*Asks:* 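Could you have a look at this structure, given as structure tokens, before my questions?
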Amino acid sequence: MSRAFNFSAGPAGLPEAVLQQAQEELLEWQGERASVMEISHRGKAFIACAEQAEHDLRKLLDVPPDYAVLFLQGGATQHFAQIPMNLAAPGQAADYLLTGSWSLKALSEAGPYVDAQSIASSEGDGFVDIPDAQAWSVRADAAYLHYTPNETIHGVAYDYVPEAGAVPLVADYSSSILSAPLDVRRFGLIYAGAQKNIGPSGLLLMIIRRDLLERTGQARARIFQYAAHAKEGSMLNTPPTFAWYLAGLVFKWLKQQGGLSAIARINAEKAELLYRTIDESAGFYRNPVAKRARSVMNVPFTLHDPELDVAFLEQSKAAGLLALKGHKLVGGMRASLYNAMPLAGVKALTEFMTEFARRHG
Ligand SMILES: *Cc1c(COP(=O)(O)O)cnc(C)c1O
């Protein structure tokens with residue numbers, strides 16, 4: 001058996017070189033005579049590893065010094081609730097842009113804490129586009145504006161960064177962080193679950209402008225306070241040490257690839273090849289998303305005849321192309337093309353798709 005091309009939406013494939021290094025040093029790490037999983041997070045060796053990961057992330061994303069980087073737990077879903085607790089007074093206005101399932105969930109989880117309102121939504125059209133930048137405005141008293149730059153399930157991505165004036169912009173970057181350069185200064189808070197483009201599940205990365213840590217927010221235990229985590233260097237309690245270590249290896253791998261501009265070029269090439277294959281299939285395959293809003297990371301597509309879905313999934317799996325089944329909300333197929341997916345994987349997929357269409361068209 002050998003490793004296949006893995007198109008899973010998350011937890012997703014990791015760079016093979018990273019897994020190999022982790023395997024080599026799994027039992028004994030850096031002269032510790034123990035695994036990185038088996039040592040104290042407060043010891044010198046792990047602290048150095050944790051600091052190096054933060055340092056490399058800051059370099060990759062060019063994070064300014066007035067932003068804190070936090071390594072947290074709970075997944076993006078927990079922070080759908082925790083962000084309003086930290087950034088808003090009870091019942092304060094908080095605005096949301098809705099472009100798919102994840103932004104809907106973020107809005108719904110904020111409900112108990114804030115006056116959370118959708119100020120623009122593409123739900124009426126089945127989440128196949130993004131709202132025009134001119135089509136919405138933020139309430140002046142909003143604690144923040146929340147949006148989802150890349151909707152993992154619907155395969156919808158923004159081609160602009162929303163402008164909210166003095167209202168801080170909060171972005172759920174779970175499925176597109178580190179896929180291309182971004183200007184951190186445009187944001188108040190960026191958060192991302194690790195399991196798509198960073199590392200294993202169990203880790204949540206947050207980049208937060210330090211002045212937002214001073215907001216009073218709502219009554220909550222210290223463990224829910226971002227300011228407390230920032231003060232303790234994300235070691236208020238035991239952090240997910242293995243995931244943090246592995247994320248550090250991924251950051252090093254990204255630097256070796258030439259950084260985010262280089263990885264963005266490869267990602268664009270991968271997505272372009274797959275969308276071209278879909279668009280030139282004479283209707284055999286179809287992606288419903290408006291061209292300007294097509295995601296580079298997650299590409300949902302349907303077959304012209306859903307009766308062929310089972311055969312497509314069986315044969316693609318046999319051809320070494322894993323996890324192409326679409327999310328149940330959208331149906332059909334979905335190929336996730338995160339950083340760790342090499343161009344060769346997308347070539348193998350598109351060749352398979354063309355051949356499958358030829359045989360069943
Ligand atoms: C996967 C995903 C989530 C959910 O992450 P959990 O870690 O399962 O809570 C939230 N938002 C986006 C955009 C995602 O892709």
Side-chain angles (χ1 to χ4, degrees), residues 6-14 70-86 94 96-111 116 118 121-123 127-128 130-131 144-159 161-162 169-180 182 187 189-207 224 226 234 239-240 242-244 246-247 250 267 271 289 293-300 323 325-330 334-341:
N6 181 2
F7 294 91
S8 172
L14 287 159
L70 306 180
F71 292 80
L72 304 172
Q73 302 183 55
T77 306
Q78 181 179 310
H79 294 271
F80 291 164
Q82 213 173 316
I83 286 166
M85 283 186 218
N86 278 269
Y96 285 73
L97 299 174
L98 300 187
T99 45
S101 299
W102 288 116
S103 43
L104 264 178
K105 258 200 180 150
L107 172 79
S108 142
E109 291 296 313
S118 152
S121 171
S122 57
E123 190 170 14
F127 291 132
V128 291
I130 47 165
Y144 57 86
L145 171 66
H146 182 283
Y147 86 117
T148 309
N150 184 75
E151 288 280 0
T152 322
I153 293 172
H154 291 84
V156 169
Y158 282 75
D159 62 352
V161 176
L169 183 61
V170 172
D172 173 6
Y173 253 104
S174 292
S175 52
S176 54
I177 192 155
L178 300 173
S179 65
L182 63 86
F187 299 85
L189 188 161
I190 290 168
Y191 65 113
Q195 67 269 28
K196 279 105 188 203
N197 236 351
I198 297 174
S201 57
L203 172 69
L204 181 120
L205 186 73
M206 182 173 288
I207 302 168
F224 297 130
Y226 297 144
S234 302
F242 186 74
W244 194 331
L246 209 86
V250 171
N267 286 334
V289 178
R294 282 177 159 183
S295 167
V296 169
M297 293 281 102
N298 309 97
V299 183
K325 191 171 167 42
H327 193 281
K328 59 183 185 297
L329 284 174
V330 177
R334 172 175 50 173
S336 294
L337 314 179
Y338 301 121
N339 289 343
M341 173 58 62

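Read the numbers this way: they start at 1 and go in the same order the structure lists the ligands and their atoms. In this chain, numbering begins with 1 at the start of the sequence shown. Computed from a predicted structure; not experimentally measured.
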*Asks:* Distance alone, cut at 3.5 Å: any donor-acceptor contact between the side chains of N267 and S179?
*Replies:* no
*Asks:* Kindly state whether the ring of H79 and the ring of F224 have centres lying under 6.0 angstrom apart.
*Replies:* no
*Asks:* Have a look at ligand 1 and work out which part of Q195, if any, has a heavy atom under 4.0 Å from it: side chain, backbone, both or neither.
*Replies:* side chain
*Asks:* Which residue supplies the protein heavy atom nearest to atom 9 (O) of ligand 1, what is that atom called, and how far is it?
*Replies:*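 Checked against all protein heavy atoms, atom 9 (O) of ligand 1 sits closest to T77 OG1, 2.5 Å.
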*Asks:* Using a 3.5 Å cut-off on N or O atoms only, is F80 in polar contact with ligand 1?
*Replies:* no
*Asks:* Of all heavy-atom pairs between T99 and T148, which one has the smallest distance, and what is that distance?
*Replies:* OG1-O, 3.9 Å
*Asks:* Would you check the N or O atoms of K196, main chain and side chain alike, for any that come under 3.5 Å of an N or O of ligand 1?
*Replies:* yes
*Asks:* Would you say the side-chain atoms of Y226 and Y191 include a donor-acceptor pair closer than 3.5 Å?
*Replies:* no
*Asks:* Looking at ligand 1, does any of its N/O atoms fall within less than 3.5 Å of an N/O of N150?
*Replies:* no
*Asks:* Donor-acceptor pair, distance only, cut-off 3.5 Å: does the side chain of E151 make one with the backbone of G100?
*Replies:* yes
*Asks:* Please report whether the ring centroid of Y158 lies less than 6.0 Å from that of Y147.
*Replies:*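 Ring centroids of Y147 and Y158 are less than 6.0 Å from each other.
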*Asks:* Which residue and atom name correspond to the protein heavy atom nearest atom 15 (O) of ligand 1, and how close is it?
*Replies:* T152 OG1, 2.4 Å
*Asks:* Check whether any heavy atom of G193 sits under 4.0 Å from an atom of ligand 1.
*Replies:* no
*Asks:* Return yes or no for this condition: an N or O of D172 is under 3.5 Å from an N or O of ligand 1.
*Replies:* yes
*Asks:* Are N298 and S336 close enough that a side-chain donor and a side-chain acceptor fall under 3.5 Å?
*Replies:*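 N298 vs S336: donor-acceptor pair found between side chains.
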*Asks:* Test of understanding: given a 4.0 Å heavy-atom threshold, classify the contact between Y191 and ligand 1 as side chain, backbone, both, or neither.
*Replies:*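 It is neither; nothing of Y191 touches ligand 1.
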